[in-house]
Engineer: 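I am attaching a structure below and will ask some questions about it afterwards.
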Amino acid sequence: MEHIANIVTDGLDVKQIRKDFPILQQQVHGKPLVYFDNGATTQKPQVVIDTEARYYEEYNSNVHRGVHHLSQVATNAYEKARITIAGYINAADPHEVIFTAGTTASINLVANTMSRRFLKPGDSVIISAMEHHSNIVPWQIACEETGAILKVIPINDRGELRMDAYEAMLDDSVKIVAVTYVSNTMGTINPVQDIITLAHARNIPVLLDAAQAIQHISIDVQALDVDFLAFSGHKIYGPTGTGVLYGKKEWLNKLPPYQGGGDMIKTVTFEKTTYNELPYKFEAGTPNIAGGIALGAAIQYLQQTGISKIQQWEEELMEYAMQELRQIDGIRFIGDAAERSGAISFLVHNIHPFDMGELLDQQGIAVRTGHHCTEPLMDIFKIPGTVRASLSFYNTKEEIDKLVAGIKRASAMLL
């Protein structure tokens, strides 16, 4: 326990942390890689890469159904990962943690099963103006199929939710509220506790898209009292094709199965099938076993590093980045919320984001350019896209200096 206490009290040793990520040691176009595309996917520490490889090298076997040794080892490792994840988000029971292929799959699971059981003509679903396409399209499909209506919480010009408008939208027609915790484009942190409290006052369940929050902010699903929470493994230093849907047991029991197949059944006859209990009811077929186990390793790595220290360092980095970027001539921030995390979106003069992105890449700096799967948000700001720099705890102030210098150099060439 003494070791843990030291970890929490001391600051982050970012130099040491960077050594854990093999990809960060390389050069791009002859320059050391500066990776500011963490919002799209984070890099993986060696322990995650090794964990995934070890599964295939030492105990590759299917889970849950085998009595032989390898199957037992694989099943134990996979279920241990579920317990680790449940602990990280403080779920009341590991069975409330459903393994999925990512945030998109998690949201589709809820939207599809809700629409089959709980949505009818005249009902409505609330999302927000800053949602990622993966928290818009599944609900549009659900509404199209059921005759329900999609309502959208507007935002102010700083990219913050208009909570007065949200409150006015809550009526008896609303069957679920599905909003992002942190905007993937603007970095806005939404007041999720208020969103949940207001919805629950009318017995409306809430789904949080935590894809951009889970790696930056300590999340306690019981304290939030959230009904569903979705996130992706690859944005929290784990493998691609992995993700989690947390759901309160009472809700998961009410929803019908999403897909049919092996593992989600108890008994099958041609006349009738009895479904398995949680979490297996929603986990049809052979899962991404190696990925699930490696996601557990990623979360353990974060826990050992200390999520509060990570949050503290990232907040310091964000503050420094905003302060330095504000001094660039002609910069315009898309979204400038008081509470923000992870991402910074901007434009410089009338330079197209793609041109800026390409010139930064030539300097070894990786940023994301485009609409970031938030086209409706781009339409609100009347722009084609943005340049987005998204931060991680392995980034440094020196890298932010390189980004600022790189933007200035690119501007001088393009203007």
Engineer: Hey, does Leu207 have a side-chain heavy atom less than 4.5 Å from the side chain of Leu229?
Structural biologist: no
Engineer: Going by atom types alone, do Tyr320 and Asp401 pair a side-chain donor with an acceptor below 3.5 Å?
Structural biologist: yes
Engineer: Verify the neighbour count for atom CD of Gln193: are there more than 12 heavy atoms of other residues, nucleotides or ligands below 6.0 Å?
Structural biologist: yes
Engineer: May I ask you to decide if Ser232's main-chain N or O and Thr103's side chain share a donor-acceptor pair within less than 3.5 Å?
Structural biologist: yes
Engineer: For Glu167 and Arg202, what are the C-alpha separation, side-chain angles and deciding distance, and is it a salt bridge (Lys or Arg N to Asp or Glu O under 4.0 Å)?
Structural biologist: CA-CA 11 Å; Glu167 214 170 330; Arg202 288 182 168 271; over 6 Å; no
Engineer: Please round to the nearest 0.5 Å and tell me the distance separating atom CD1 of Ile195 and atom CG of Leu208.
Structural biologist: 7.0 Å
Engineer: Taking 4.0 angstrom as the limit, do Glu160 and Arg340 come out as a salt bridge?
Structural biologist: no
Engineer: For residues Ser173 and Asp123, is any side-chain donor paired with an opposing acceptor at under 3.5 Å?
Structural biologist: no
Engineer: For His133 and His371, take the angle between the two ring planes, folded into 0 to 90°, and tell me which bin it lands in: parallel under 30, tilted 30 to 60, perpendicular over 60.
Structural biologist: tilted
Engineer: Can you tell me if Ser183 and Thr188 form a side-chain donor-acceptor pair at under 3.5 Å?
Structural biologist: no
Engineer: Please work out which of the three classes, parallel, tilted or perpendicular, describes the rings of Tyr301 and Phe21, given edges at 30° and 60°.
Structural biologist: perpendicular
Engineer: Among side-chain atoms of Ser392 and Thr42, is any donor-acceptor pair under 3.5 angstrom?
Structural biologist: no
Engineer: If you count heavy atoms of other groups shown closer than 6.0 angstrom to CD of Glu319, is the number above 12?
Structural biologist: no
Engineer: Can you see whether Asn38 engages Asn395 through a side-chain donor-acceptor pair at a distance of less than 3.5 angstrom?
Structural biologist: yes
Engineer: Do Ser134 and His132 have side-chain atoms, one donor and one acceptor, less than 3.5 Å apart?
Structural biologist: yes
Engineer: Go through Tyr237 and Phe393 one step at a time and tell me if the ring pair (Phe, Tyr, Trp, His ring centres under 6.0 Å) criterion holds.
Structural biologist: CA-CA 11 Å; Tyr237 313 100; Phe393 68 103; 5.1 Å; yes
Engineer: Would you give the length of the straight line joining atom CD of Gln259 to atom CG of Asn108, rounded to the nearest 0.5 angstrom?
Structural biologist: 9.5 Å
Engineer: Mark yes or no for whether Asp209, through its side chain, and Ala211, through its backbone, hold a donor-acceptor pair below 3.5 Å.
Structural biologist: yes
Engineer: Would you call Arg82 and Glu283 a salt bridge, using N to O less than 4.0 angstrom?
Structural biologist: yes
Engineer: Would a distance-only check, ignoring hydrogens and angles, find a side-chain to backbone donor-acceptor pair under 3.5 Å from Asp93 to Glu96?
Structural biologist: no
Engineer: Could you give me the CA-CA distance, side-chain angles and deciding distance for Tyr55 and Asn60, then say whether side chain to side chain donor-acceptor pair (under 3.5 Å) is met?
Structural biologist: CA-CA 5 Å; Tyr55 164 78; Asn60 173 47; 3.2 Å; yes
Engineer: Hey, does the side chain of Glu52 reach the backbone of Ala294 with a donor-acceptor pair shorter than 3.5 angstrom?
Structural biologist: no
Engineer: When rounded to the nearest 0.5 angstrom, what distance separates CD1 in Ile153 from CD in Glu131?
Structural biologist: 7.5 Å
Engineer: Can you check side chain to side chain donor-acceptor pair (under 3.5 Å) on Thr100 and Ser106, steps first, answer last?
Structural biologist: CA-CA 6 Å; Thr100 68; Ser106 298; 2.8 Å; yes
Engineer: Nearest 0.5 angstrom please: Lys254 NZ to Met114 CE, how far?
Structural biologist: 8.5 Å
Engineer: Would you say Asn276's side chain and Asp263's backbone share a donor-acceptor pair under 3.5 angstrom?
Structural biologist: yes
Engineer: Check the pair Phe381, Ile155 against side chain to side chain contact (heavy atoms under 4.5 Å, CB included), reporting the backbone distance first and the verdict last.
Structural biologist: CA-CA 11 Å; Phe381 284 105; Ile155 56 172; 4.2 Å; yes
Engineer: Mark yes when over 12 heavy atoms from residues, nucleotides or ligands other than Met163 sit less than 6.0 Å from its CE; otherwise mark no.
Structural biologist: yes
Engineer: Side-chain donor-acceptor pair under 3.5 Å between Gln311 and Ser308, yes or no?
Structural biologist: no
Engineer: Could you check Val177, Asp172, Ile176 and say which one makes a side-chain contact (heavy atoms from CB on, under 4.5 Å) with Val174?
Structural biologist: Val177
Engineer: Could you give the distance from CD1 (Ile334) to CG (Leu347), rounded to the nearest 0.5 Å?
Structural biologist: 4.5 Å
Engineer: For Thr242 and Asn288, run side chain to side chain donor-acceptor pair (under 3.5 Å): C-alpha distance rounded to whole Å, both residues' side-chain angles, the deciding distance at 0.1 Å, then the answer.
Structural biologist: CA-CA 7 Å; Thr242 64; Asn288 181 354; 5.7 Å; no
Engineer: Could you verify whether a donor N or O on one side chain and an acceptor N or O on the other, from Asp20 and Tyr394, lie under 3.5 Å apart?
Structural biologist: no
Engineer: To the closest 0.5 Å, what do you measure between CD1 (Ile98) and NE2 (His95)?
Structural biologist: 9.5 Å
Engineer: With under 30° as parallel and over 60° as perpendicular, where do the rings of Trp251 and Phe118 fit, or are they tilted in between?
Structural biologist: perpendicular
Engineer: Is there a side-chain contact between Ile49 and Pro22 (heavy atoms, below 4.5 Å)?
Structural biologist: yes
Engineer: Can Thr374 and Thr185 be counted as having a side-chain donor-acceptor contact under 3.5 angstrom?
Structural biologist: yes
Engineer: Any Lys/Arg nitrogen of Asp171 or Lys151 sitting under 4.0 Å from an Asp/Glu carboxylate oxygen of the other?
Structural biologist: yes
Engineer: Quick test of your reading of the model: are Arg326 and Asp336 salt-bridged, counting only N-O distances below 4.0 Å?
Structural biologist: yes
Engineer: Under the side chain to side chain donor-acceptor pair (under 3.5 Å) criterion, do His64 and Glu79 qualify, and how do the steps go?
Structural biologist: CA-CA 9 Å; His64 302 141; Glu79 291 305 326; 2.7 Å; yes
Engineer: Should the pair Lys397-Glu316 be classified as a salt bridge under the 4.0 Å nitrogen-to-oxygen rule?
Structural biologist: yes
Engineer: Would you call Asp225-Lys248 a salt bridge at under 4.0 Å N-O?
Structural biologist: yes
